[in-house]
Amino acid sequence: MAVSNSSSALSSTFYLTGIPGYEEFHHWISIPFCLLYIVGIMGNCTILHIVWRDPKLHEPMYYFLAMLSLTDMGMSMPTMLSLFRVLWSISREIQFNTCVVQMFFIHTFSFTESSVLLAMTLDRYVAICHPLQYATILTPKLITKIGVAALLRSAFAMTPLLARLVYFPFCHSHILSHSYCLHQDMIRLACADTTFNVVYGLVLITVLWGMDSLGIFVSYVFILHSVLRIASQEGRLKALNTCASHICAVLILYVPMIGLSIVHRFAKHSSPLIHIFMAHVYLLIPPVLNPIIYSVKTKQIRQGVLHLFFPPKISSTMR
């Protein structure tokens with residue numbers, strides 16, 4: 001019985017990995033990671049605060065921007081504690097249940113962010129192609145439904161994938177290749193038939209990301225067609241400029257996301273540093289860059305940031 005309990009305890013404990021080959025520099029490496037997390041959290045909290053406090057920003061575009069900030073933090077913050085526990089040499093251990101919960105938040109908010117970006121595309125489509133019906137189509141009630149539907153869709157889609165992990169025996173290595181838990185990394189350690197998880201995961205990525213990216217592409221085809229019909233060049237540039245921040249946000253999410261999936265599935269024997277680099281880019285870059293991009297490119301957000309951090313007289317001279 002004692003042996004059985006020991007084996008059960010062992011199978012429920014996994015070991016996270018920092019930066020292989022650079023263990024003696026982990027304390028120094030933690031500094032840029034800490035700065036990135038601080039910038040990401042402060043940036044997204046600033047966006048949320050500005051949208052919440054300024055009645056002028058209680059419009060569909062800014063509601064969706066607030067959703068984007070929430071999903072950015074929901075995707076990156078679950079990794080923060082385990083990452084710094086490893087880099088600060090506190091502990092490399094993580095329990096199976098904690099690992100599954102962490103995976104659930106990372107992957108669920110990742111898929112949710114993709115849906116939010118699709119919703120933001122539809123917002124730009126309605127604003128440019130049907131400006132007179134903008135307020136009547138994108139009502140607060142509809143925006144709330146879109147946000148809830150995006151979150152529930154991602155959560156329900158992830159549940160079967162993670163529920164099956166409970167039945168997998170992990171009788172070999174328990175060393176994960178990252179400083180947090182990813183589904184692709186976990187099933188690699190299972191000594192069981194993982195065909196369902198591999199196929200379902202691939203189908204999930206193809207369907208959810210595929211549907212969202214297709215919706216984004218089709219929407220921009222209609223947007224571009226509508227923009228080209230505007231008579232003045234100044235009007236065309238102004239319309240396209242309202243989409244610039246969103247296009248950057250799409251690229252910031254999808255490029256690392258696709259890169260990480262390709263590395264995990266088709267470059268399994270490549271250097272561990274490539275896997276680790278891609279995983280951290282995937283989780284840290286969107287929360288850091290999105291608030292910066294929207295603060296720079298969106299006049300109302302930029303003014304809100306200036307009013308928040310500088311006195312009104314100073315901010316008015318900086319516009």
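Side chains are part of it too, since the values below use all heavy atoms of this structure and drop only hydrogens, waters and symmetry mates.
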Step through the shown structure and confirm whether more than 12 heavy atoms of other residues, nucleotides or ligands are within 6.0 Å of CZ on Phe277. no
Return the CZ to CG distance between Phe156 and Leu151, rounded to the nearest 0.5 Å. 9.5 Å
Residues Thr144 and Tyr63: side-chain donor-acceptor under 3.5 angstrom: no
Does a donor on one side chain sit under 3.5 Å from an acceptor on the other, for Thr298 and Tyr62? no
Leu48 CG to Met67 CE distance, which is reported to the nearest 0.5 Å: 11.5 Å
Kindly assign one of parallel, tilted or perpendicular to the pair His183 and His107, based on the angle between their ring planes and the thresholds 30° and 60°. perpendicular
Tracing side-chain contacts under 4.5 Å among Ile, Leu, Val, Met, Phe, Trp and Tyr outward from Ile38 reaches Met42
Assess whether atom CZ of Phe196 is packed by more than 12 heavy atoms of other residues, nucleotides or ligands within 6.0 Å. yes
Step through it carefully: locate the ring centre of His280, locate the ring centre of Tyr180, and say whether they are under 6.0 Å apart. yes
Closest heavy-atom contact between Val86 and His26? O-ND1, 4.0 Å
Taken in chain and number order and not counting sequence neighbours, the residues that satisfy ring pair (Phe, Tyr, Trp, His ring centres under 6.0 Å) with Phe111 are Trp209
Ser91: which residues meet the side chain to side chain donor-acceptor pair (under 3.5 Å) condition with it, sequence neighbours left out? Arg85
Set of disulfide bond (SG atoms under 2.5 Å apart) partners for Cys191, sequence neighbours left out: Cys171
Determine which pairs satisfy side chain to side chain donor-acceptor pair (under 3.5 Å) with at least one residue from residues 213-222, sequence neighbours left out, and list them in order. Tyr220-His246
Does atom CZ (Phe84) have a neighbourhood of more than 12 heavy atoms from anything else shown, all under 6.0 Å? yes
Parallel, tilted or perpendicular: which one describes the rings of Tyr22 and Phe25, with boundaries at 30° and 60°? tilted
Residues joined to Leu132 in its hydrophobic cluster, side chain to side chain under 4.5 Å directly or through other members, sorted by chain and number, are none
Supply the atom-to-atom distance Met77 CE to Ile41 CD1, rounded to the nearest 0.5 angstrom. 4.5 Å
